[in-house]
Amino acid sequence: MRIERVLAVVAAVTLCSPVARADEAGAEAGAVESSKGDLFPGERRMSVSGATGLPFLAIAEVGVGVTDGFAIGAIGGITPSVVTAGIRPRVRLRTSERTALVLSAPMLYYPKASAPGPGNIGTTSWVLTRTELFFDAALSDRLRVAGGMGFIAAASTEALGQFVRGRDFAMPAYNGEPGATRGFAGGLWNTVAARSSYAFGDRTHVFAEGSIVMQGIALAEGVGGPPVVVTTGLQHAF
């Protein structure tokens, strides 16, 4: 009887070991598969993030994963001179097991920003979007890096209102020319961008991203500060 029991235990261990190893392998593969970085918390999962950088002294987001490849967040931030709020939708299109195309399009509203042009002409509200397309790759189970290009578009809501009403623009143009007296108070610039995220476990990431603001192949001028956007911060999903 003792010999039979020993043989039975050995047989059970032998049969279960491949299954356990298969389960472990599947779990590891699933971890790689589900690691999409800080922008995508996962379907029906909430996330919060906080960051600092340039031009933002502080910026925070509360986001939700609508699907595994689509998420949207509500943003609020402050610079040394203005506050802003808006949304940031993003889409992820998988291209292989470890790579994807990622489109991020934060859209911000500045309720009270300095109007461009000569002299002190007061403040007006502005809208801005920084839309960028990245090629994203997983260098390991925890580390993702991405690079891409895009554009920044900004406009005064007063100038947009004049355009809708078919009026000539009475506001100074946002083009860095101190002598400008009339024109469309807005602008369009191209960007070169990069971002990275590192996972601490499956729910927390540290991230960094940056964009160089350009006019064609030259650095942009007259954009209200250095022609760069840089942020670094932490994200946690629930």
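Along the sequence shown, the residues carry numbers beginning at 1. For the numbers below, each heavy atom of this structure counts, side chains included, while hydrogens, waters and symmetry mates do not.
When the side chain to side chain contact (heavy atoms under 4.5 Å, CB included) test is applied to T191, the partners found at least two apart in sequence or on another chain are E132, I152, S211. For T52, the side-chain hydrogen bond (donor to acceptor under 3.5 Å, both in side chains) criterion is met by no residue, not counting sequence neighbours. Shown here are the side-chain hydrogen bond (donor to acceptor under 3.5 Å, both in side chains) partners of S197, two or more places apart in sequence or in another chain: there are none. Legend: residues meeting side chain to side chain contact (heavy atoms under 4.5 Å, CB included) with I217, ordered by chain and number and at least two apart, are absent.
Separating the CE atom in M107 from the CZ atom in R130 is a distance of 13.0 Å, to the nearest 0.5 Å. If you take CZ on R94 and OG1 on T99, they are separated by 8.5 Å, rounding to the nearest 0.5 Å. Note that OG1 of T129 is 10.5 Å distant from CG of L188, once rounded to the nearest 0.5 Å. To the nearest 0.5 angstrom, S196 atom OG is 10.5 Å from E209 atom CD. Between the OG atom of S125 and the CG atom of L160 there is a distance of 9.0 Å, given to the nearest 0.5 Å. To the nearest 0.5 Å, atoms CD (E221) and CE (M214) are separated by 12.0 Å.
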With a 3.5 Å cut-off and sequence neighbours excluded, list the donor-acceptor pairs that the side chains of residues 54-80 form with protein atoms.
{"from": "E61", "atom 1": "OE1", "to": "R88", "atom 2": "NH2", "distance (Å)": "3.2"}
{"from": "E61", "atom 1": "OE1", "to": "R90", "atom 2": "NH1", "distance (Å)": "3.4"}
{"from": "E61", "atom 1": "OE1", "to": "R90", "atom 2": "NH2", "distance (Å)": "3.2"}
{"from": "E61", "atom 1": "OE2", "to": "R88", "atom 2": "NE", "distance (Å)": "3.0"}
{"from": "E61", "atom 1": "OE2", "to": "R88", "atom 2": "NH2", "distance (Å)": "3.4"}
{"from": "E61", "atom 1": "OE2", "to": "R90", "atom 2": "NH1", "distance (Å)": "2.9"}
{"from": "T67", "atom 1": "OG1", "to": "G69", "atom 2": "N", "distance (Å)": "3.1"}
{"from": "T67", "atom 1": "OG1", "to": "F70", "atom 2": "N", "distance (Å)": "3.0"}
{"from": "D68", "atom 1": "OD1", "to": "E43", "atom 2": "N", "distance (Å)": "3.0"}
{"from": "T79", "atom 1": "OG1", "to": "S81", "atom 2": "N", "distance (Å)": "3.1"}
{"from": "T79", "atom 1": "OG1", "to": "V82", "atom 2": "N", "distance (Å)": "3.0"}
{"from": "T79", "atom 1": "OG1", "to": "V82", "atom 2": "O", "distance (Å)": "3.2"}

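Under the 4.5 Å side-chain contact rule for hydrophobic residues, M46 and L234 do not share a cluster. V192 and V213 are assigned to two separate hydrophobic clusters, defined by single-linkage of ILVMFWY side chains at heavy-atom distances under 4.5 Å. Clustering ILVMFWY residues whenever any of their side-chain heavy atoms sit less than 4.5 angstrom apart, transitively, puts W189 in the very cluster that holds L128. Under the 4.5 Å side-chain heavy-atom criterion for Ile, Leu, Val, Met, Phe, Trp and Tyr, F207 and L139 are members of distinct hydrophobic clusters.
Contact record, Q235 with P41: NE2-CB, 4.4 Å, taken as the closest heavy-atom pair. When all heavy atoms of R92 and V102 are compared, the closest pair comes out as CG-CG2, 4.1 Å. When every heavy atom of T95 is checked against every heavy atom of A100, the shortest pair comes out as OG1-N, 3.4 Å. Across all their heavy atoms, D202 and R45 have their closest contact at O-NH2, 4.5 Å. Shown here for P111 and V83, the closest heavy-atom pair between the two residues is CD-O, 3.5 Å.
Between L103 and T131, some side-chain heavy-atom pair lies under the 4.5 Å cut-off. Considering only heavy atoms from C-beta on, W126 stays 4.5 Å or farther from T157 through its side chain. Within the 4.5 Å cutoff, the side chain of Y198 has no heavy atoms near those of the H205 side chain.
Sorted by first then second residue, the ring-ring contact (aromatic ring centres under 6.0 Å, His included) pairs that include residues 208-238, not counting sequence neighbours, are H236-F238.
Taking a 6.0 Å sphere around CZ of R44, one finds it holds 12 or fewer heavy atoms contributed by other residues, nucleotides or ligands.
Looking only at distances, no side-chain donor or acceptor of R98 sits under 3.5 Å from a matching main-chain atom of A137. A donor-acceptor pair under 3.5 Å is formed between the side chain of T84 and the backbone N or O of Y109.
With respect to the salt-bridge test (charged N to carboxylate O, under 4.0 angstrom), the residues D38 and R144 do not qualify.
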Handout entry: Residues L101, F135; criterion side chain to side chain contact (heavy atoms under 4.5 Å, CB included); working and verdict
Key = CA-CA 5 Å; L101 293 175; F135 180 76; 4.0 Å; yes

